[in-house]
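One-based numbering, in listed order, for ligands and for the atoms of each.
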Amino acid sequence: MVGSIFGLSEYPVTVFLTSFLNFASAMTKKISKVVVLGTGGTIAGWAPDPDQTRQYRAGEVAVDDLVRGIKPSGLQIETEDVARIDSKNMGWSEWQRLVARLAHWLAQEEVRGVVVTHGTDTLEETAILLHALFPSGKTIVITGAMRAANVSEPDGPGNLKDALAVASAPGRAGVLGVFAGQVHAAASLTKLDSQALSAFASADPVPIAVAIQNLDALQARFARQPTHPVDLDVAEFGRVSYWPRVEMVHNHAAQDGGLVRTIMSTDGKPAGWVVAGTGNGTMSQGLEDALSEAQQQGAWVWRTTRCTWGQVQAQSGDRFGLVSPLNPYKARVVMVLALLANAVKRRGPERPGP
Ligand code: SIN
């Protein structure tokens, strides 16, 4: 049948009506759009021999292929590969691109949330970076997997499905981690197990089903986990072309601070140090002396703890900054951002924390 309405003399009326009804139904159902940004990792890993589960290359599978087959109904999904890397190689240029693409998609009114697929090894560092730069607002869910995509019983599809459910739920939760059936706060999410499928833990994990019922309340609950505020916005981050060098040093038995002194005597010496201290962020006299010398040369020094749980308490006469409860790896990311914020705003070095 050929119709003649609206001058579409060759346009079949059935096709026209079907398109119109689909459009009208989409408008009334308000189909949510979720964007999935791929960065690589084991979730996108491919094993040449699927029986050799540990012999695989991370970041081989395009994110569109990961999403195919698990698309929930009533959800419109866009995919984009931002990177296809093993997250041990994650760096500032990949982060800068990821942040730019996140900002682009989050600004689209019809996008309800974004999922980022990521390798598990540095997932917590990306989580804190995004948390610092997108402190509240639409939901950003970061997820990954411990098994490559093509081995028997991969955990990636389940994690991705959960991540899509959280990212498309009503409300705004800011940055979350989703892994093995649980939702984690970006501030405390940490990889605790190098092998188990439930590799991540956090201070206050919430089951998926509970989280998707009220994302706004979840955001408020997770906001109680303090993080050092960073006065740097996404546009400023996008313009940065120089990344301050921040090194980490651990306290341990027989730590004499020699490493700090050696590195501080080189060209391009660090602008900051994060100490993974013992217990309450403590350190040997040798390390404290070396870091005090570094501080006198203008370097920032923050104390954290190498313990997984518990906070670092301020001590009287503290000469170094605190960013408790961030772990050393997260603190390092935040210190770079804080140094950048200072450089951008020309404030000069300042001592963060209490
Ligand atoms: C990676 O971090 O990219 C590899 C390891 C993983 O995803 O589990």
Side-chain angles (χ1 to χ4, degrees), residues 36-68 70 79-99 101-102 114-131 140-164 166-167 175-184 186 188-202 205 208 248 308 327-333 336:
V36 186
L37 300 180
T39 67
T42 295
I43 191 169
W46 191 261
D49 175 356
D51 291 332
Q52 302 289 318
T53 54
R54 290 182 190 281
Q55 307 301 318
Y56 65 89
R57 280 186 307 274
E60 291 284 304
V61 183
V63 68
D64 200 48
D65 291 329
L66 299 181
V67 171
R68 191 167 299 146
I70 61 161
T79 60
E80 185 180 325
D81 285 300
V82 173
R84 296 254 295 268
I85 60 169
D86 186 314
S87 79
K88 69 185 179 207
N89 294 317
M90 186 57 75
W92 290 101
S93 56
E94 288 80 15
W95 274 341
Q96 209 169 23
R97 183 163 159 69
L98 175 62
V99 166
R101 296 315 293 156
L102 272 165
V114 179
V115 172
V116 177
T117 57
H118 200 289
T120 61
D121 287 346
T122 59
L123 188 149
E124 66 201 75
E125 293 170 58
T126 299
I128 199 69
L129 173 98
L130 299 182
H131 183 62
I140 300 172
V141 180
I142 183 161
T143 193
M146 294 298 282
R147 289 186 184 148
N150 67 326
V151 305
S152 149
E153 297 182 31
D155 54 330
N159 286 342
L160 190 47
K161 207 168 177 178
D162 285 345
L164 287 169
V166 174
V175 183
L176 306 171
V178 161
F179 219 89
Q182 291 192 305
V183 182
H184 301 277
S188 63
L189 164 78
T190 185
K191 185 174 178 182
L192 279 194
D193 198 308
S194 60
Q195 309 297 335
L197 294 188
S198 61
F200 285 85
S202 62
I208 303 286
M248 278 177 51
T308 303
N327 74 22
Y329 317 101
K330 289 172 192 278
R332 201 193 74 84
V333 173
V336 173

On a heavy-atom basis, which atom in W92 and which in V333 lie closest, and how many Å separate them? CH2-O, 4.2 Å
Checking the N or O distance criterion of under 3.5 Å, is ligand 1 in contact with Y56? no
Please check: side-chain N/O of K330 versus main-chain N/O of A186, any donor-acceptor pairing under 3.5 Å? yes
Note: N150 and P50 closest approach over all heavy atoms is O-CB, 3.4 Å
For D155 against R147, the heavy-atom pair lying closest together: OD1-N, 2.9 Å
If you look at every heavy atom in M146 and D193, which pair is closest and at what distance? CE-O, 3.9 Å
Quick check on contacts: which atoms of ligand 1 are under 4.0 angstrom from a heavy atom of T42? 4 (C), 5 (C), 6 (C), 7 (O), 8 (O)
Is the closest heavy atom of A145 to ligand 1 under 4.0 Å? yes
N/O separation below 3.5 Å, D86 to ligand 1: yes
Among all the protein's non-hydrogen atoms, which is closest to atom 8 (O) of ligand 1, and how far away is it? T120 OG1, 2.4 Å
Protein contact of atom 2 (O) of ligand 1 - nearest heavy atom, named by residue and atom, plus distance: S87 OG, 2.5 Å
